[in-house]
Structures are given as structure tokens and as C-alpha cells.
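Given the structure is predicted, the values throughout are model-derived calculations rather than measurements. In the text below, chain A, chain B and the rest are named by the order of the sequence lines, each starting its count at 1. Side-chain atoms are counted along with the backbone in the values below, which use heavy atoms only and exclude waters and symmetry mates.
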Protein chains: 2
Amino acid sequence: MRPVKIKIQFPMDGDIAMGPGKAQLLAAIHQHGSISAAAKSMHMSYKRAWDLVSVMNAGFKCPLVMTSVGGSHGGGAIVTEFGFKVLQHYQALQIKTEVFVLSESADLRELLVNKSESDPVS
Amino acid sequence: MRPVKIKIQFPMDGDIAMGPGKAQLLAAIHQHGSISAAAKSMHMSYKRAWDLVSVMNAGFKCPLVMTSVGGSHGGGAIVTEFGFKVLQHYQALQIKTEVFVLSESADLRELLVNKSESDPVS
DNA sequence: CATCGCTATATTATCAAATATATAACGATG
DNA sequence: CATCGTTATATATTTGATAATATAGCGATG
């Protein structure tokens with residue numbers, strides 16, 4: 001496990017408009033083309049995925065995901081250009097922050113017990 | 001609520017050695033001089049507080065909290081010098097990271113719906 | 001016009017996590 | 001040496017979050 005875990009959330013009303021879970025789901029929808037397939041790939045119930053999409057769409061100025069119902073393949077969902085932009089922003093922010101915190105927390109991490117440091121500094 | 005919520009955790013084995021909740025508890029113990037009083041002040045059960053202290057102490061090279069049992073006042077708990085140092089490091093890190101993320105997420109936050117912006121820019 | 005897989009939604013069931021409760025031991029002090 | 005509030009620990013209970021289940025409706029397509 002990484003030495004530090006960072007969770008960045010953007011609260012909106014009572015919900016979280018964007019966070020690690022939603023970002024991951026967004027990426028999965030983009031990859032699979034439907035909420036149901038994305039949910040399955042993440043071992044998440046369809047209902048939960050649908051709820052998350054609903055919250056995301058409500059929290060931003062434009063929808064991140066557009067769904068279509070019916071049709072030969074039953075319908076599907078696509079990540080909008082806007083949604084993709086949000087996703088990229090979020091992912092970049094997450095990485096930048098991780099780098100920042102890792103560097104800023106060196107002193108603190110020094111104080112933790114060193115577990116399984118199989119680091120043969122010969 | 002703040003526009004962004006950041007949670008920094010330091011995992012250790014299966015537990016979290018330090019996180020927002022533990023930092024807050026540490027501060028409360030320092031203030032009140034006992035685990036039980038600190039727990040009460042945070043509306044937390046004594047058991048939970050005691051468990052958190054136990055995890056904290058196990059995760060660092062030195063104990064952050066030392067307890068004494070019995071005595072005229074029943075006992076108590078004090079935050080060690082080491083624990084206080086950890087607390088200060090953590091709190092400083094939290095603030096620095098908040099500033100960082102807030103500045104780095106300006107573009108993203110621009111895309112959120114503006115809720116209740118009672119901002120009379122006359 | 002029957003079929004298909006998906007969206008959309010509600011209801012119920014399950015489970016883990018937090019809390020509540022209980023109790024023993026501790027030891028300085030008056 | 002009885003008292004006190006606390007630590008320390010175990011067990012029971014409650015709660016909330018999550019998952020499971022069910023079902024209706026959609027509409028392009030062959």
C-alpha cells in the first residue's frame with residue numbers, strides 16, 4: 001500500500017459532486033459505454049453506479065454522462081466531452097497532490113514504524 | 001462547507017496510523033488530560049477513542065499518548081512530546097495541502113454549479 | 001411486432017461498523 | 001481501607017450503508 005492515501009472531494013449540497021469513486025466510475029463508463037457494464041467491471045451494483053452518475057450530473061454545470069434508453073442494444077451511456085474534461089482535471093489534481101503531500105510529509109513519515117523494510121542498503 | 005475536502009491518511013499494516021479523526025482526538029486528549037474526557041468532548045465512545053489511541057501508538061516509533069491507571073483521580077492520559085510533534089506536523093501538512101489543492105483546483109471548481117452564491121457584487 | 005439489453009426505480013435483505021452497556025482492575029488519597 | 005474516576009476489555013445492540021432482487025419501460029432492428 002502507498003505510504004500515504006489522499007482523498008479529494010468536492011461537496012455539493014449534501015452530496016459529493018466528485019471524488020475518487022466517482023472519478024473511477026466515470027473512467028469505467030467511458031471505457032465500457034454503459035453504466036451497467038461499468039458497474040459490473042467495478043463489482044458495483046447498477047443501482048449504486050446509477051446513483052453516483054445522478055449525483056455527478058446534478059453537481060456540475062453540464063452533464064458528465066448522457067444516457068440513452070432502448071434501441072437495438074438496449075441503450076447505453078456516454079461520457080460527454082465536458083465529463084471527460086472534468087475527469088482529466090480531477091485525475092491530474094490527484095496526482096499533483098499526491099506528489100506534493102509525499103514530499104511535504106517526509107519528516108512525518110520518518111516517525112512511523114518501518115514495517116517490512118526489505119531494503120538491503122548494503 | 002468548504003469547497004473542497006481533503007483527507008490525508010497514513011496507512012500502517014491494516015490500520016490508519018494517522019488521519020483527521022486521530023489528529024483531532026490527539027488534540028482533545030492534550031487539552032483534557034484523559035481519554036475519557038477527550039472522547040466525551042467529541043461525542044465519541046470511550047471504547048472508540050481508546051481503540052484509536054491504541055492504533056496510533058502502535059503505528060509510530062514512540063507512543064503518542066501515555067496512560068496511567070488508578071490514583072486519586074482515577075488515572076489519565078497525556079500526549080507525549082513525540083505525540084505533540086506528530087500532531088503539529090500533521091496539522092501543518094493538512095493546511096498546506098488544503099491551500100495547494102484549493103489553488104490547483106480553481107479550474108475544476110469553476111465547472112461546479114454555483115450554489116447559493118449570495119455574493120452581492122453590486 | 002417480438003426481441004434484446006439497458007435505463008430507471010422501488011423494495012427488501014444483508015452485513016459491517018459504530019455505539020451502547022457492563023464489569024474488572026488500578027492506585028493515590030484522605 | 002473505602003472511595004473515586006479512569007483505564008482496559010468484552011459482549012450485546014443498534015444503526016446505516018450497501019447489496020440483492022424485482023419490475024416496468026424504452027426503442028432500434030431484423
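- Non-hydrogen atoms lying under 4.0 Å from DNA chain D are contributed by nothing in residues 8-29 of chain A.
- In the hydrophobic clustering, B:M66 connects to B:I78, either directly or through intervening members, whenever side-chain heavy atoms lie under 4.5 Å apart.
- Contacts of B:F60 classified as ring pair (Phe, Tyr, Trp, His ring centres under 6.0 Å), with partners at least two apart in sequence or in another chain: none.
- Across the protein-nucleic acid pair, A:I78 atom CD1 and C:dT7 atom P stand 12 Å apart, rounded to whole Å.
- Screening residues 21-45 of chain B for side chain to side chain donor-acceptor pair (under 3.5 Å), with sequence neighbours left out, gives no hits.
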Item checked: Sugar-phosphate or base contact per nucleotide [nucleotides 15-29 of chain D; S, B, -; heavy atom under 4.0 Å] -> ----SB----BBBBS

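- Residues meeting the side-chain hydrogen bond (donor to acceptor under 3.5 Å, both in side chains) test with B:R48, sequence neighbours left out: none.
- Atom pair A:I35:CD1 and C:dG5:P shows a separation of 18 Å (rounding to whole Å applied).
- Every residue two or more places apart in sequence or in another chain that forms a side-chain hydrogen bond (donor to acceptor under 3.5 Å, both in side chains) with A:Q94 is listed here: A:E98.
- Annotation: salt bridge (Lys or Arg N to Asp or Glu O under 4.0 Å) contacts of B:D51 (sequence neighbours excluded): B:K47.
- Here side chain to side chain donor-acceptor pair (under 3.5 Å) pairs that include residues 67-85 of chain A, with residues two or more places apart or in two chains, number zero.
- In this structure, the side-chain hydrogen bond (donor to acceptor under 3.5 Å, both in side chains) partners of B:K96, at least two apart in sequence or on a different chain, are A:E104.
- Taken residue by residue, residues 50-68 of chain B places no heavy atom nearer than 4.0 Å to DNA chain C.
- Considering only heavy atoms from C-beta on, A:I16 stays 4.5 Å or farther from A:F10 through its side chain.
- Straight-line distance from the NZ atom of B:K40 to the P atom of C:dA20: 12 Å, rounded to whole Å.
- For B:N57, the side-chain contact (heavy atoms from CB on, under 4.5 Å) partners at least two apart in sequence or on another chain are B:V53, B:P63, B:L64, B:V65.
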